[in-house]
Amino acid sequence: MLNSLLKGQVAKAIQKVINTDLPHPFSWLTGYFAMVVGAGMTFVVQSSSVFTSAITPLIGLGVISIERAYPLTLGSNIGTTTTAILAALASPGDKLASSFQIALCHFFFNISGILLWYPLPFTRLPIRMAKALGERTAKYRWFAVLYLIVCFLLLPSLIFGISMAGWRVLVGVGAPFLGLLFFVGLVNALQARSPGRLPKWLQTWDFLPAWMHSLQPLDNLITRAALCCTDRCRSPEGWDEREGEMPGAAVRVGSPRLTPHGATRL
């Protein structure tokens, strides 16, 4: 529906209004103004999920750029804290201080995240990460499902399970993992920008098995599984298959299902 509505001059007008920066002396304030807009819209609907879910298809249609959607989303995270603040103000007198303190913790937590990941352009890593994940998902459609399962189910469950064993075990397992992750990220950055600084065997990941540096083997496996399931679903109903005497040959035996009276069988 959005794709059919947002066409022609309507789409161009929306793109021009939303993606246009403020005049030159104040162009650096555009992102912060977008945060105010995102916070205000979230305050109106009282849900950051509703706001971000509404702008996500607009990003997919190209109406809103991802660079503009980023401050809008950050502002939405600030706007959603107003719900907790309003709920805290409605607490009984003896609980007001504690509830309001927790609501302010929620507010300043989001403020700290903005200060950490937005003011300086090189700290806006979520934009580059989102583009990388988008390109990967465009190439391998199943990657989005795998990303959700790993990052929102398996990884938190694994960290929670290790933390139950104590902080020493968590540090002992987490520190090497974070060190390996940092090393891989550093090598990837050097491979892309200045591979000459790396040893020859580290200038590419080709010395590793294919499944350790490429999603292609997993994609081939998923594709074969999907094609196999598709072929089974397309097989004619009412026929049984069994292996014939000839190797690799399948002989269909039996008879098709009886056609209901008055029905036409193709």
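Under a 3.5 Å cut-off, the side chain of Ser53 and the backbone N or O of Val50 do not form any donor-acceptor pair. Checking side-chain atoms of Ser214 against main-chain N and O of Ala210 turns up no donor-acceptor pair under 3.5 Å. Remark: the backbone N or O of Leu202 is paired with a side-chain donor or acceptor of Gln191 at under 3.5 angstrom. Using a distance-only test at 3.5 Å, with no hydrogens or angles considered, a donor-acceptor pair links the side chain of Ser157 to the main chain of Leu153.
The ring-ring contact (aromatic ring centres under 6.0 Å, His included) search around Phe43 returns none, not counting sequence neighbours. Under the side-chain contact (heavy atoms from CB on, under 4.5 Å) criterion, Thr137 pairs with Phe143, Ala144, not counting sequence neighbours. Qualifying side-chain contact (heavy atoms from CB on, under 4.5 Å) partners for Leu120, counting only residues two or more places apart in sequence or in other chains: Phe122, Thr123.
Other members of the cluster containing Val36 do not exist, because no ILVMFWY side chain is joined to it at under 4.5 Å. Alongside Val169, the hydrophobic cluster contains Leu155, Leu158, Ile159, Ile162, Leu170, Val173 (criterion: ILVMFWY side chains under 4.5 Å).
Annotation: salt bridge (charged side-chain N to carboxylate O under 4.0 Å, His left out) contacts involving residues 174-194, sequence neighbours excluded, are absent. Applying the salt bridge (charged side-chain N to carboxylate O under 4.0 Å, His left out) test to pairs two or more places apart or on separate chains, none has a residue in residues 31-42. Residue pairs meeting the salt bridge (charged side-chain N to carboxylate O under 4.0 Å, His left out) criterion with at least one partner in residues 75-95, sequence neighbours excluded, do not occur; the list is empty. Pairs of residues two or more places apart, or lying in two chains, never qualify as ring-ring contact (aromatic ring centres under 6.0 Å, His included) while including a residue from residues 158-199. The list of salt bridge (charged side-chain N to carboxylate O under 4.0 Å, His left out) pairs with a residue in residues 65-89, not counting sequence neighbours, reads Asp21-Arg68, Glu67-Lys131.
Residue Val44 is not grouped with residue Phe51 when hydrophobic side chains (ILVMFWY) are merged at heavy-atom distances under 4.5 angstrom, including chains of intermediate members. Leu133 and Leu125 are assigned to two separate hydrophobic clusters, defined by single-linkage of ILVMFWY side chains at heavy-atom distances under 4.5 Å. Residues Leu178 and Leu180 fall into different hydrophobic clusters, defined by Ile, Leu, Val, Met, Phe, Trp and Tyr side chains chained together at heavy-atom separations under 4.5 Å. Hydrophobic clustering keeps Ile102 apart from Phe108 (ILVMFWY residues linked when any side-chain heavy atoms are closer than 4.5 Å, directly or through intermediates). By the criterion of side-chain heavy atoms lying less than 4.5 angstrom apart, applied directly or through intervening Ile, Leu, Val, Met, Phe, Trp or Tyr residues, Phe109 is not grouped with Leu74; the two fall into different hydrophobic clusters.
Under a cut-off of 6.0 angstrom, the local environment of CZ in Arg128 is crowded, with over 12 non-hydrogen atoms contributed by other residues, nucleotides or ligands. Counting non-hydrogen atoms of neighbouring residues, nucleotides and ligands closer than 6.0 angstrom, the CZ atom of Phe33 reaches no more than 12 such neighbours.
Summarising the geometry of Asn19 relative to Ser65, their closest heavy-atom pair is OD1-N, 3.2 Å, with the distance given to 0.1 Å. Contact record, Pro119 with Leu115: CD-O, 3.3 Å, taken as the closest heavy-atom pair.
Here the side chains of Lys139 and Leu215 are not in contact, with every heavy-atom distance at 4.5 Å or above. The side-chain heavy atoms of Met35 and Leu72, taken from C-beta on, include no pair separated by under 4.5 Å. Between Thr73 and Ile55, some side-chain heavy-atom pair lies under the 4.5 Å cut-off. For the pair Tyr70/Pro126, a side-chain contact is recorded, criterion being any heavy-atom separation below 4.5 Å from C-beta on. You'll find the side chain of Trp211 stays beyond 4.5 Å of the side chain of Leu218, heavy atoms only.
For the pair Arg124 and Tyr118, the distance from NZ or CZ to the six-membered ring centre is under 6.0 Å and the angle to the ring normal is within 45 degrees.
A donor-acceptor pair shorter than 3.5 Å cannot be found between the side chains of Ser76 and Ser48.
Note: Leu208 CG to Trp201 CH2 = 9.0 Å, rounded to the nearest 0.5 Å. Between Ile59 atom CD1 and Ile64 atom CD1 the span is 6.0 Å, to the nearest 0.5 Å.
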Can you give me every donor-acceptor pair (side chain of residues 78-87, partner residue at least two apart or in another chain, under 3.5 Å) with its distance?
{"residue": "Thr81", "atom": "OG1", "partner": "Ile78", "partner atom": "O", "Å": "2.4"}
{"residue": "Thr82", "atom": "OG1", "partner": "Gly79", "partner atom": "O", "Å": "2.5"}
{"residue": "Thr83", "atom": "OG1", "partner": "Gln46", "partner atom": "OE1", "Å": "2.8"}

Contacts under 3.5 angstrom, residues 219-227 side chains, donor-acceptor by atom type, not counting sequence neighbours:
{"residue": "Asp219", "atom": "OD1", "partner": "Trp142", "partner atom": "NE1", "Å": "2.8"}
{"residue": "Asn220", "atom": "OD1", "partner": "Gln216", "partner atom": "NE2", "Å": "3.0"}
{"residue": "Asn220", "atom": "ND2", "partner": "Gln216", "partner atom": "O", "Å": "3.3"}
{"residue": "Thr223", "atom": "OG1", "partner": "Asp219", "partner atom": "O", "Å": "2.7"}

